[in-house]
Student: 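The structure under discussion is supplied below as structure tokens; questions concerning it will follow.
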Amino acid sequence: MATQQRSFQLVVFGASGFTGQFVTEEVAREQVAPERSSRLPWAVAGRSREKLLRVLERAALKLGRPTLSSEVGIIICDITNPASLDEMAKQATVVLNCVGPYRFYGEPVVKACIENGTSYIDICGEPEFLELMYWKYHKKAAEKGVYIIGSSGFDTIPADLGVIYTRNKMNGTLTAVESYLTLHSGPEGLCIHDGTWKSAIYGFASQSSLRKVRNSSNLKPVLFIGPKLKKRWLVSYCRELSTYSIPFMGADRSVVKRTQRYLHEMLEESPVQYAPYLAVGGITSVIKLLFAGLFFLFFVKLGIGRQLLIKFPWLFSFGYFSKQGPTQKQIDDSSFTMTFFGQGYTQGLSTDKNKPNIRICTQVKGPEAAYVATPIAMVQAALTLLNDASDLPKAPVYSLV
């Protein structure tokens, strides 16, 4: 972490973007929390001063803080201008990067932060970017003494910490966990901004690149305890929750797997196998998703197909994604539940030949995932970096969460 005095403790980069505006509101809300004794100097950053001012004005109106705009710094910088990114990084202790898709726009910010001794946090759900940044910049970040922390939003803090929480609550050795994400909505349904849709399109289109990154890493497999966790079918039924489910395609599995590797290799803790699923409801929802999935997989392989998917997100996602994003009503009426089913062994039981003999169920619940829970998680991750530096690993580690 930077030891010299910086102008701003936190800088929200991409504050005028759809997700960035919610992160900006969360930082402003955190500054007036009753338990906070003093306010941290912070700033917003982006290409347009006018747009940044409008974001601050909206946050001021929403939070009832008319003087907010005058309390927050404004930094003008552009992802295509490395010098401007350097100037932003030099002024910050921690940069909160909200500019995606990260596969296109993330690396210049990571590079600028490392070169200028600034820690970095993002909310990326793209495994290829997360893993590639680790292999390219881990050593440089360690030499500079900074932390580069990816995927610090809904992807993947609830999953990663949920597995650890489940392990801590189990009276024995946890060996495997399956999680089921349930998204709840009000009468207007669910909707997500098309920025996430674009990330998914490019992610599926470049799966071969992800395989190359993983093959080139030459990591030895982690030796798990107990029987191997079996993969479920593309569509499976969860009796405990009375719902059909499909594999969750975000970054949760990648991040949890890396965390478990770190805990095993560095802290000699027993590693936990993990598989995430998305609860989709009844058979009608399954049929709807299967049709949407077939369209998606067909079009994503073709250049013109990807252009159509990007141009008409509402049509090809059956209304789940749109260029406008959710309304405030949709956000207010939404929430999530993530249920973890774990299995393992009671204390003292040999894991060599015996089958797991104990099960546990835990839950993580929260508000709307993308624009409420994600900003909260991202801002709290940044405050942890600032306030709990003495509890962090002494040798800085690039983390996927």
Side-chain angles (χ1 to χ4, degrees), residues 14 16-22 79-80 97-107 122-132 150-151 153-156 181 183 185 188-214 234-235 244-254 276-281 284-327 330-331 334 336 368-371 374:
S16 59
F18 192 83
T19 303
Q21 63 183 325
F22 292 101
I79 197 71
T80 62
N97 184 17
C98 302
V99 180
Y102 290 93
R103 69 176 58 249
F104 299 132
Y105 308 118
E107 186 171 358
D122 68 37
I123 45 177
C124 176
E126 306 162 44
E128 182 186 348
F129 173 80
L130 294 166
E131 296 182 29
L132 183 61
S151 206
F154 182 74
D155 276 23
T156 58
L181 170 63
L183 299 174
S185 64
E188 294 185 9
L190 293 168
C191 184
I192 302 174
H193 189 260
D194 74 331
T196 303
W197 176 252
K198 290 176 184 176
S199 296
I201 291 170
Y202 293 121
F204 274 92
S206 63
Q207 285 184 315
S208 60
S209 298
L210 176 59
R211 285 193 291 270
K212 288 179 181 177
V213 171
R214 290 176 173 172
L234 179 62
V235 177
Y244 286 95
S245 67
I246 60 175
F248 182 67
M249 305 305 293
D252 285 358
R253 186 175 182 275
S254 172
Y277 297 92
L278 174 65
V280 297
T284 302
S285 297
V286 171
I287 294 172
K288 185 177 178 181
L289 280 169
L290 284 177
F291 273 107
L294 288 173
F295 274 114
F296 183 87
L297 291 175
F298 175 77
F299 280 93
V300 80
K301 295 179 180 179
L302 307 171
I304 190 171
R306 291 192 291 273
Q307 293 177 24
L308 289 171
L309 289 170
I310 291 170
K311 189 173 183 179
F312 304 106
W314 188 86
L315 174 64
F316 288 102
S317 70
F318 286 78
Y320 286 113
F321 294 87
S322 76
K323 293 182 180 293
Q324 295 75 30
T327 64
Q330 286 176 310
I331 292 174
S334 298
F336 77 88
E368 191 277 338
Y371 310 111
T374 286

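Since this is a predicted model, take the numbers as computed values, not measurements.
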Student: Which residues pass the ring pair (Phe, Tyr, Trp, His ring centres under 6.0 Å) test with Phe299, not counting sequence neighbours?
Tutor: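 In terms of ring pair (Phe, Tyr, Trp, His ring centres under 6.0 Å), with neighbours along the sequence ignored, Phe299 is linked to Phe316.
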Student: Could I get the full list of side-chain contact (heavy atoms from CB on, under 4.5 Å) partners for Gln307, not counting sequence neighbours?
Tutor: none
Student: Not counting sequence neighbours, list each pair that qualifies as a salt bridge (charged side-chain N to carboxylate O under 4.0 Å, His left out) and has a residue in residues 310-327.
Tutor: Asp194-Lys323
Student: Of the non-hydrogen atoms in Glu188 and Thr327, which two are nearest, and what is the gap between them?
Tutor: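 Taking Glu188 first and Thr327 second, the nearest heavy atoms are OE1-OG1, 3.2 Å.
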Student: Would you call Phe129 and Tyr102 a side-chain contact if the rule is heavy atoms closer than 4.5 Å?
Tutor: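 Answer yes - side chains close enough.
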Student: Hey, mind stepping through Leu190 and Gln330 against side-chain contact (heavy atoms from CB on, under 4.5 Å) and telling me if it holds?
Tutor: CA-CA 6 Å; Leu190 293 168; Gln330 286 176 310; over 6 Å; no
Student: Does Ser199 reach the main-chain N or O of Gly195 with its side chain, forming a donor-acceptor pair under 3.5 Å?
Tutor: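 Yes; at least one donor-acceptor contact below 3.5 Å.
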Student: Distance check, rounded to the nearest 0.5 Å: Leu210 atom CG versus Gln207 atom CD?
Tutor: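 Those atoms lie 7.5 Å apart.
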Student: Decide yes or no on side-chain contact (heavy atoms from CB on, under 4.5 Å) for Tyr320 and Trp314, but give the supporting numbers first.
Tutor: CA-CA 7 Å; Tyr320 286 113; Trp314 188 86; over 6 Å; no
Student: Is the shortest heavy-atom distance from the side chain of Thr196 to the side chain of Phe321 under 4.5 Å?
Tutor: yes
Student: Hey, are the side chains of Ile123 and Thr19 touching, using non-hydrogen atoms and a 4.5 Å cut-off?
Tutor: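 With C-beta onward as the side chain, the pair touches.
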Student: Just jot down the salt bridge (Lys or Arg N to Asp or Glu O under 4.0 Å) partners of Arg214, sequence neighbours excluded, or say none.
Tutor: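 Residues passing salt bridge (Lys or Arg N to Asp or Glu O under 4.0 Å) with Arg214: Glu131.
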Student: Taking it one step at a time, do Leu181 and Tyr277 satisfy side-chain contact (heavy atoms from CB on, under 4.5 Å)?
Tutor: CA-CA 6 Å; Leu181 170 63; Tyr277 297 92; over 6 Å; no
Student: For a quick test of reading the model, state the closest non-hydrogen atom pair linking Pro326 to Ile331 and the distance between them.
Tutor: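 For Pro326 and Ile331, the tightest heavy-atom pair comes out as CG-CG1, 3.8 Å.
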Student: Suppose we screen for salt bridge (Lys or Arg N to Asp or Glu O under 4.0 Å). Which residues come up paired with Glu107, at least two apart in sequence or across chains?
Tutor: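 For Glu107 the salt bridge (Lys or Arg N to Asp or Glu O under 4.0 Å) partners, ignoring immediate neighbours, are Lys136.
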Student: Residues two or more places apart in sequence or in another chain: which of them pass salt bridge (Lys or Arg N to Asp or Glu O under 4.0 Å) with Arg253?
Tutor: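 Testing Arg253 for salt bridge (Lys or Arg N to Asp or Glu O under 4.0 Å), a comparison that skips the adjacent residues, returns none.
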Student: Taking all non-hydrogen atoms of both residues into account, name the closest pair between Cys191 and Gly319 and its distance.
Tutor: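 The pair with the smallest heavy-atom distance is SG-O, 4.5 Å.
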Student: State which residues pass ring pair (Phe, Tyr, Trp, His ring centres under 6.0 Å) with Tyr371; sequence neighbours excluded, sorted by chain then number.
Tutor: Phe18, Phe22
Student: What are the two closest non-hydrogen atoms of Leu130 and Asp122, and how far apart are they?
Tutor: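 Between these two residues, the closest heavy atoms are CD2-OD1, 4.4 Å.
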Student: Would you please name every residue forming a side-chain contact (heavy atoms from CB on, under 4.5 Å) with Arg103, sequence neighbours left out?
Tutor: Pro101, Glu126, Glu128, Tyr202, Ser206
Student: List the residues meeting salt bridge (Lys or Arg N to Asp or Glu O under 4.0 Å) with Glu368, not counting sequence neighbours, and say none if there are none.
Tutor: none
Student: Could you list the residues that satisfy ring pair (Phe, Tyr, Trp, His ring centres under 6.0 Å) with Phe318, not counting sequence neighbours?
Tutor: none
Student: Can you see which heavy atom on Cys124 is nearest to which on Ser151, and at what distance?
Tutor: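 Residues Cys124 and Ser151, closest heavy atoms: O-OG, 2.9 Å.
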Student: Which atom pair, heavy atoms only, marks the closest approach of Ala370 to Thr374?
Tutor: O-CB, 3.2 Å
Student: How far does CD1 of Ile304 sit from CG of Leu309, to the nearest 0.5 angstrom?
Tutor: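 Reported to 0.5 Å precision, the distance equals 11.0 Å.
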Student: What's the separation between atom CD1 in Ile246 and atom OH in Tyr244, rounded to the nearest 0.5 Å?
Tutor: 14.0 Å
Student: For residues 284-292, dump all side-chain donor-acceptor pairs below 3.5 Å to protein atoms at least two apart in sequence or in another chain.
Tutor:
from, atom 1, to, atom 2, distance (Å)
Ser285, OG, Val280, O, 3.2

Student: In the structure I gave you, are the side-chain heavy atoms of Val99 and Phe104 within less than 4.5 Å of one another anywhere?
Tutor: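 When only atoms from C-beta onward are counted, Phe104 and Val99 do not touch, as no gap falls below 4.5 Å.
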Student: Does atom CZ of Phe295 have more than 12 heavy-atom neighbours from other groups under 6.0 Å away?
Tutor: no
Student: Under the side chain to side chain donor-acceptor pair (under 3.5 Å) rule, collect the residues that match up with Ser245, sequence neighbours excluded.
Tutor: Ser236
Student: What orientation do Phe204 and Phe296 show, parallel under 30°, tilted 30 to 60°, or perpendicular over 60°?
Tutor: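 The rings of Phe204 and Phe296 stand perpendicular, inter-plane angle above 60°.
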